[in-house]
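What follows is a set of notes on a single structure, which appears directly below.
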Amino acid sequence: MQHADVRVDTFNLAHTFESAQPITFFGEFDRQGNSVDYVSSGMQIRVTQRSKGPITIEAPDVKRAIADFRARFRLSDDMRHIYRQISTDAFMGEAVRKYRGLRLTVNDPWETTVVFILSQFNNIKRIHLITNRMVASFGEVSEHGVKAFPTPDALSRATIRELNACGMGFRSKYLKATAKACVDSLDLNRYRRSSYASVKEMLMELPGIGDKVADCIALMGYGKLEAFPIDTWVKRTLERLYFNGKGTSIKRLHESVSEKWGDMQGYAQLYLYHHGRIDGYEA
DNA sequence: ACCCAGGCGGGCG
DNA sequence: CGCCCGCATGGG
């Protein structure tokens with residue numbers, strides 16, 4: 001096992017791993033050791049961040065792990081610029097101050113699609129539970145001896161009964177159908193360089209993917225920062241902050257946040273969601 | 001014993 | 001378009 005130190009500006013490992021993004025579904029955050037273990041690039045990677053000093057990376061191939069780390073946590077994003085753009089009021093200013101260093105993550109489009117199909121009408125703990133059981137049941141062992149995420153082929157060949165054994169419930173039919181579409185004709189990776197609008201349009205044609213899930217996949221699977229997922233928390237927070245607590249349609253909310261945060265909506269959503277969820281500002 | 005969870009699809013006016 | 005409903009399941 002090799003290790004190396006990395007200097008990173010404006011990055012908070014704990015906040016990022018407590019933000020319920022796809023990568024955090026496969027990593028264990030240890031508050032005592034200030035470290036996380038996660039699987040990426042087919043290997044187990046351990047990242048440690050103490051209050052002072054550099055970040056330490058441990059992995060079988062540390063050079064590759066560092067490159068993976070920098071990409072996965074969007075460490076080239078200019079956070080000063082982003083914070084300037086999304087600190088549009090007191091609430092957002094407080095969110096940015098409180099969760100400074102919270103980063104969006106870059107995840108595989110297929111993995112992100114699966115996780116967010118499973119997320120609908122569900123809670124975060126149970127999404128972890130189902131995902132872990134699914135990986136254990138349908139993931140193949142990779143080169144470094146860790147379980148890989150199940151392929152579209154594996155999930156399309158699984159029976160509804162087998163998928164339900166993971167606890168997916170009514171979501172299993174959506175997942176199986178989407179997996180089959182990815183086997184038959186759809187190449188999710190072909191849309192990496194497509195526009196936000198066309199990525200979202202493509203995603204919303206898949207079963208089990210509506211407005212909110214499509215935006216989650218566009219944001220965290222395709223890195224489209226114009227995406228702004230609106231779940232019940234975010235909806236209530238937006239209505240309370242900007243619409244006098246009045247019920248407002250998703251369409252109207254999208255128009256509003258688009259005007260407010262433009263091409264950095266995705267980061268605005270991350271901070272707004274996290275701040276609202278952790279601190280209960282939606283109530 | 002309830003109640004709810006990072007919504008979506010289908011049916012309706 | 002907007003609104004309403006049912007939905008599988010595990011943890012609080």
Side-chain angles (χ1 to χ4, degrees), chain A residues 15-27 95 99 102 104-105 107 111-134 136-137 158-181 200-222 224 227-241 243 246-257 265-283:
Chain A
H15 291 334
T16 303
F17 263 79
E18 286 169 355
S19 66
Q21 295 187 247
I23 188 173
T24 70
F25 283 67
F26 315 114
Y99 298 105
L102 168 61
L104 275 170
T105 62
N107 306 276
E111 297 183 11
T112 309
T113 299
V114 171
V115 167
F116 282 104
I117 283 176
L118 297 177
S119 78
Q120 69 164 94
F121 196 48
N122 211 342
N123 61 62
I124 291 167
K125 184 167 294 212
R126 226 173 75 78
I127 302 165
H128 280 260
L129 177 69
I130 296 168
T131 306
N132 287 334
R133 292 203 284 226
M134 181 191 69
S137 300
T159 66
I160 293 291
R161 183 183 293 279
E162 287 172 326
L163 295 174
N164 282 341
C166 302
M168 292 181 191
F170 62 90
R171 307 166 194 83
S172 57
K173 56 182 180 292
Y174 299 142
L175 186 55
K176 185 173 166 69
T178 291
K180 182 165 166 44
K200 185 169 179 179
E201 187 183 334
M202 174 275 292
L203 290 168
M204 285 186 66
E205 285 180 24
L206 293 168
I209 301 183
D211 180 83
K212 188 268 177 183
V213 167
D215 270 332
C216 283
I217 302 166
L219 181 60
M220 292 172 250
Y222 288 94
K224 305 299 178 190
F228 190 98
I230 303 179
D231 59 54
T232 51
W233 292 81
V234 168
K235 185 172 191 296
R236 279 179 299 189
T237 306
L238 290 174
E239 286 166 351
R240 190 151 298 257
L241 286 174
F243 291 87
K246 276 203 320 188
T248 309
S249 72
I250 298 290
K251 181 177 157 62
R252 183 89 192 283
L253 292 174
H254 274 304
E255 289 166 1
S256 169
V257 298
Q265 283 173 69
Y267 269 104
Q269 195 273 359
L270 181 70
Y271 279 82
L272 187 128
Y273 171 76
H274 200 62
H275 192 27
R277 183 170 77 93
I278 302 290
D279 305 315
Y281 272 79
E282 92 295 345

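Just so it is clear, the model here is predicted, and its values are computed rather than measured. Letters A, B, ... mirror the listed sequences (proteins, then strands); counts begin at 1.
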Pairwise C1' distance for B:dC8 and C:dG11, with rounding to whole Å: 23 Å
Sugar-phosphate only, base, or nothing, as touched by A:Lys235 at under 4.0 Å among non-hydrogen atoms: nothing
Any side-chain donor near an acceptor of the partner, A:Asn164 and A:Ser172, under 3.5 Å: yes
Whole-Å distance separating the CG atom of A:Leu118 from the P atom of C:dA8: 14 Å
Whether A:Thr178 side chain and A:Leu175 backbone form a donor-acceptor pair below 3.5 Å: no
Spacing of A:Met134 atom CE relative to C:dT9 atom P, expressed in whole Å: 17 Å
Touch class at under 4.0 angstrom, heavy-atom based, for A:Thr248 against every strand present: nothing
Where A:Ser19 and A:Leu102 come nearest, the two heavy atoms and their spacing: CB-CD1, 3.7 Å
P gap between B:dG6 and C:dC4, integer Å: 23 Å
Pair assignment for DNA chain B - dot-bracket with | for other-strand partners, Watson-Crick or G-U under 3.5 Å: .||||.|||||||
Separation between the P atoms of B:dG11 and C:dA8, rounded to whole Å: 15 Å
Contacts of type salt bridge (Lys or Arg N to Asp or Glu O under 4.0 Å), residue A:Glu255, not counting sequence neighbours: A:Lys251
Integer-rounded Å distance: C:dG10 P and A:Asn122 CG: 10 Å
Inter-residue atom distance A:Tyr273.OH - A:Asp231.CG, 0.5 Å rounding: 6.0 Å
For atom NZ of A:Lys173 and atom C1' of C:dA8, their distance in whole Å: 9 Å
Sugar-phosphate, base or nothing in reach of A:Lys212, heavy atoms under 4.0 Å: base
Pairwise side-chain contact, A:Leu238 with A:Thr248, heavy-atom cut-off 4.5 Å (strictly under): no
Plane angle bin for A:Phe25 and A:His128 - parallel if under 30°, tilted between 30 and 60°, otherwise perpendicular: parallel
Touch class at under 4.0 angstrom, heavy-atom based, for A:Leu206 against every strand present: sugar-phosphate
Nearest heavy atoms of A:Met220 and A:Thr112, plus distance in Å: O-OG1, 4.0 Å
What N/O pairs connect the protein and nucleotides 1-6 of chain C at under 3.5 Å? Give each pair on its own line.
none

Sugar-phosphate, base or nothing in reach of A:Ile230, heavy atoms under 4.0 Å: nothing
NZ (A:Lys180) with more than 12 external heavy atoms under 6.0 Å: no
Sugar-phosphate only, base, or nothing, as touched by A:Ile130 at under 4.0 Å among non-hydrogen atoms: nothing
Residue pairs, two or more places apart or on separate chains, that pass salt bridge (charged side-chain N to carboxylate O under 4.0 Å, His left out) and touch residues 202-221 of chain A: A:Lys200-A:Asp211, A:Lys200-A:Asp215
Nearest-Å distance for atom pair NZ/C1', residues A:Lys125 and C:dT9: 15 Å
Residue whose nearest DNA chain B nucleotide is more 5′ - A:Met220 or A:Met204: A:Met220
Heavy-atom side-chain contact between A:Pro22 and A:Phe116 under 4.5 Å: yes
A:Asn164 CG to C:dC7 C1', straight-line distance once rounded to whole Å: 12 Å
Results of side-chain contact (heavy atoms from CB on, under 4.5 Å) for A:Lys235 - residues two or more places apart only: A:Ile230, A:Glu239, A:Ile250, A:Leu253
Span of DNA chain B in contact with chain A (heavy atoms, under 4.0 Å): B:dA5 to B:dG9
